[in-house]
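Everything numeric here is computed off the predicted structure, so don't read it as measured data. Within every chain, numbering begins at 1; the chains are lettered A, B, ... in the order of the sequence lines, protein sequences first and strands thereafter.
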Amino acid sequence: MEPALISPASATIFGIPANIIYILIPLIGIGTFAYIIFRRLTPLLKAAPDDRFNRIPERIRSVLKIWLGQWRHPRYMLPGVVHIFLFAGFLIVGARSTQLMFIGFVDGFQLPGFSGSFGAFYNVLKDYATTWILIAVAIAAVRRAIFKPARYAVPPQYGKDHTWEALLVLGLIAALVISESLFEASLVAAQTHKGLHAEYTAPVTLVWFFKHLLSGSSLAALQGVHSVSYFIHEITFFFFLCFLPMGKHFHVIISIFNVFFMRLDRGNVKPVRYGIDDDKLDDLESFGVKVFEDFTWKHMLDFYTCVDCGRCSDHCPANAAGRPLSPRFISIKGRDYAFKHYPWIGSNGGPSKPLIGDIYSEDEIWSCTTCGACEQECPVTIEYIDKMVDLRRGMVDEGLVPQSLQKPLSALEKRGNPWGKMEKKRADWTKDLAEETPVKILEKGKTAATLYFVDSISSFDDRMQAIARATARILNAAGIDFGILGKAEKDSGHEVRRFGEEMLFQDLKDQNTDAILNSGVENIVTADPHAYNALNKDYSGLPPVEHISQTIVRNVKAGKIRLKPVADTGKTYVYHDPCYLGRHNSLYDDPRAAVDTIPGLNRVEMAGNCRDRSFCCGGGGLMLFYEPEEEQRMGVIRVEMAKKAGADVIVTACPFCLVNIEDAIKVAGLEGEMEAIDLCELIEQHLIIED
Amino acid sequence: MEILVCVKRVPDTAENEIEVAGDGSDIERDDLVYSVNEWDNYAVEEAIQIVDKVGGSVTVISVGDEEAEEVVRREMAMGANHGILLSDDAFEGSDGKGIATLLKAAVDKGNYDLILTGALADDGAGQIGGMLAAMLDVPYASVVNSIETLDDKKLKVGREIEGGNQEMSEIDLPCVLSIQTGINEPRYVGIRGIRKVASVEIPVWGAADLGLAADSMGAAGARVKRLDYFLPELGEGAEILEGSMEEVAEKLIDLLKAKGGIK
């Protein structure tokens with residue numbers, strides 16, 4: 001039976017058989033694409049090693065949940081849903097695009113399995129998919145061109161605006177779905193015109209509209225539309241394919257790999273170099289990332305995968321405070337460096353220059369509090385913290401440490417705490433408790449079942465010693481046999497490591513590990529989330545570690561701790577999730593449950609900014625000493641969120657959060673209207689103590 | 001340019017609690033932590049930056065016991081090319097002039113264009129730089145906060161003087177400069193840096209190497225003797241005069257007349 005129109009494979013273009021052209025286009029397109037990918041791989045082959053081929057079942061589950069399931073996208077609902085439709089549409093239409101390629105030189109080509117009823121079902125699905133793709137594109141284009149959401153804006157120091165790239169790609173996608181629909185609609189219109197069996201077009205779809213639009217056209221016109229739309233489709237498709245690795249749309253092809261290779265754990269820090277054990281670190285010539293090739297291949301893949309969506313920077317507390325850090329541009333600048341020095345055409349760039357002073361600045365890298373908000377948001381699982389730590393390791397190795405941090409680092413080395421206070425005074429906070437709650441110091445043969453790891457700030461800071469005392473009283477009330485290490489305890493080294501001084505961290509870790517193992521304790525409890533994270537993630541071979549909130553909840557449930565009703569019924573309490581309990585350790589519920597154990601306490605949430613969207617107080621450990629350039633304190637931003645939620649008491653579960661928030665209350669001029677209290681202080685105030 | 005920087009190992013005064021020993025001979029040193037004198041550290045950083053610009057080498061020298069070696073090594077980890085330790089029992093108890101004499105003898109064994117010292121040390125008297133310059137008969141500028149090499153014969157140095165003003169001078173080489181804090185931002189030296197220079201050779205020179213007479217050094221040669229260390233007795237505190245400027249001035253004149261300050 002004669003087809004209604006001349007198909008592409010049977011046509012001629014200016015006398016040349018079209019099927020030759022339609023073999024050449026894919027050959028050139030795919031060939032060019034393959035070459036571009038090969039060039040893009042070049043820096044990854046020179047990169048530092050990474051360890052990403054382990055735990056395959058977990059990785060597959062991540063791909064299914066985050067890549068296929070688009071798990072993180074709805075965190076920004078409208079664009080997230082738009083993207084989900086776009087993504088699902090692409091997956092569905094992929095088969096049709098493949099078929100179309102072959103149609104150019106194999107007349108009437110059908111993919112295997114697509115001939116029968118499945119094929120018919122697929123056609124309907126595909127019709128709706130192309131339609132919703134166009135609607136999604138239209139919504140996206142309007143957002144980009146007219147509403148211009150703030151997170152897409154490019155601050156002047158980072159270069160020109162990127163909107164053209166977004167609109168170009170949206171235009172290409174629109175061209176693809178429109179040309180595909182015209183190609184089919186013109187054939188169906190011709191079939192109807194000639195009284196032949198017309199292929200089914202699903203109602204209220206793009207192809208359906210075009211079919212009706214074209215119903216009155218002449219056969220010559222329909223043939224023109226059919227042939228030209230096919231040509232446009234093929235050229236656009238292969239141009240788009242080769243354009244993908246040129247910018248943020250690289251993610252279309254590589255995000256599946258980036259998610260597969262994603263970081264599976266939280267709170268830990270990558271080793272200085274994969275494959276080099278801690279005891280061999282002294283042999284390394286260079287520490288950290290100094291030039292681009294020092295990054296691991298996965299970190300380079302991260303740069304390529306960045307979608308430029310700005311969700312990370314939108315939640316970065318340093319960015320909100322006006323510090324010179326925008327995580328999005330850590331990725332984009334890294335990507336652009338790779339594009340420039342390892343271009344897809346032309347020779348690779350010359351010898352590498354240091355990144356600090358070139359694409360990154362010192363302050364940019366020191367500004368990060370390692371809160372993890374960026375990594376939490378990223379829909380394609382890009383990592384930032386390890387990069388910051390590696391860049392800091394490089395700077396420390398070169399001596400490029402801000403003066404404000406050199407003193408505490410030196411004090412940590414000499415005295416085991418950043419203030420340089422004398423070791424023998426580390427347990428002085430216990431003196432005020434001596435009578436009712438004597439605290440055992442685990443030295444000279446004394447042991448206990450539980451170690452209370454106090455860490456530096458709660459040991460030495462006048463205000464934070466109150467947390468240590470409250471914790472001791474709680475442990476005592478629960479009847480727990482506990483002790484502290486006293487002067488044998490050194491700073492956990494949590495920030496020392498995250499600020500790039502790996503060898504000093506190793507030193508502190510070794511001293512603490514020895515002291516802990518020598519003490520003979522069976523388990524460890526701490527009220528300091530940074531210590532909690534360090535002991536759990538950075539140290540090894542220790543007895544199990546728990547946070548005091550978990551201890552409180554367990555002992556209240558068991559009836560070992562009993563609490564009075566809340567002292568001040570008029571106050572509204574809000575719990576602030578510390579970064580190192582919340583995002584990094586998923587401890588959201590136990591601290592809340594601990595606060596809720598107090599009968600009659602009225603607690604609210606900072607809606608939209610709690611749990612894994614909690615906003616960093618400003619940072620802990622060494623970050624307290626760093627003098628950033630910023631427009632506002634992170635703590636002040638956080639206190640204003642608490643105020644907006646209607647709270648007058650902020651409950652924290654971290655001594656650093658308490659320091660930052662108490663300071664911020666003063667700076668914000670809210671003294672008298674807002675107060676902050678530690679979880680342990682709150683519980684301790686409501687303890688029912690049997691005499 | 002060949003630069004010699006004199007460094008001293010001093011107790012950390014910031015958080016250390018300084019207590020006087022019972023017999024008044026010294027402070028209690030058991031619990032103290034030591035590090036390089038902060039002013040000397042700035043001087044070493046400055047020397048390294050000069051040599052980075054004009055070439056040459058930086059030598060770090062210290063007078064002390066064997067523990068002082070850690071400070072020389074740390075400055076080498078920072079970037080100094082050579083280190084020398086002047087150590088000998090005979091050096092014990094030296095006064096400022098004695099230390100300067102030892103340093104001069106070491107300077108004479110080398111060929112230095114520029115000698116830097118810190119402006120003062122936490123536990124010192126700020127005298128070594130000036131004494132050394134006098135002994136060497138070379139020009140001297142103190143509390144220098146900026147250095148510019150004009151050519152291989154001259155430097156332009158800046159000193160902060162009263163009123164926050166800056167005094168700029170030209171000084172001929174060779175010379176001695178004592179360095180004020182804030183002249184630069186010293187680079188960080190981490191544990192790793194120190195480990196890298198852990199096995200570098202640091203020559204130790206004693207009295208024989210320096211060829212000095214026994215009476216020019218140590219307690220024997222000291223012209224200044226320490227008699228006692230003590231904390232002054234705390235008085236009741238100051239009397240604060242209140243009132244307007246005129247009232248306070250009146251009261252002050254009365255007090256001075258009464259206590260014999262004005263006749």
Closer than 4.0 angstrom, basic N to acidic O: yes or no for B:Asp123 and B:Lys8? yes
- request: Flag the pair A:Glu443 and A:Lys487 as a salt bridge only when some basic side-chain nitrogen lies within less than 4.0 angstrom of an acidic carboxylate oxygen.
  value: yes
* To do: Check the pair A:Glu502, A:Arg497 against salt bridge (Lys or Arg N to Asp or Glu O under 4.0 Å), reporting the backbone distance first and the verdict last.
  => CA-CA 5 Å; A:Glu502 182 72 14; A:Arg497 184 175 222 196; 2.9 Å; yes
Answer key: most heavy-atom pairs under 4.5 Å with chain B among A:Glu423, A:Met422, A:Met395 is A:Met422
In this structure, CD1 of A:Ile385 is separated from CG of A:Asp390 (nearest 0.5 Å) by 12.5 Å
If you tally heavy-atom pairs under 4.5 Å between each of A:Met503, A:Lys414, A:Glu413, A:Arg415 and chain B, the highest tally belongs to A:Arg415
Whatever's closer than 4.5 Å to a heavy atom in chain B on A:Leu405 counts as neither
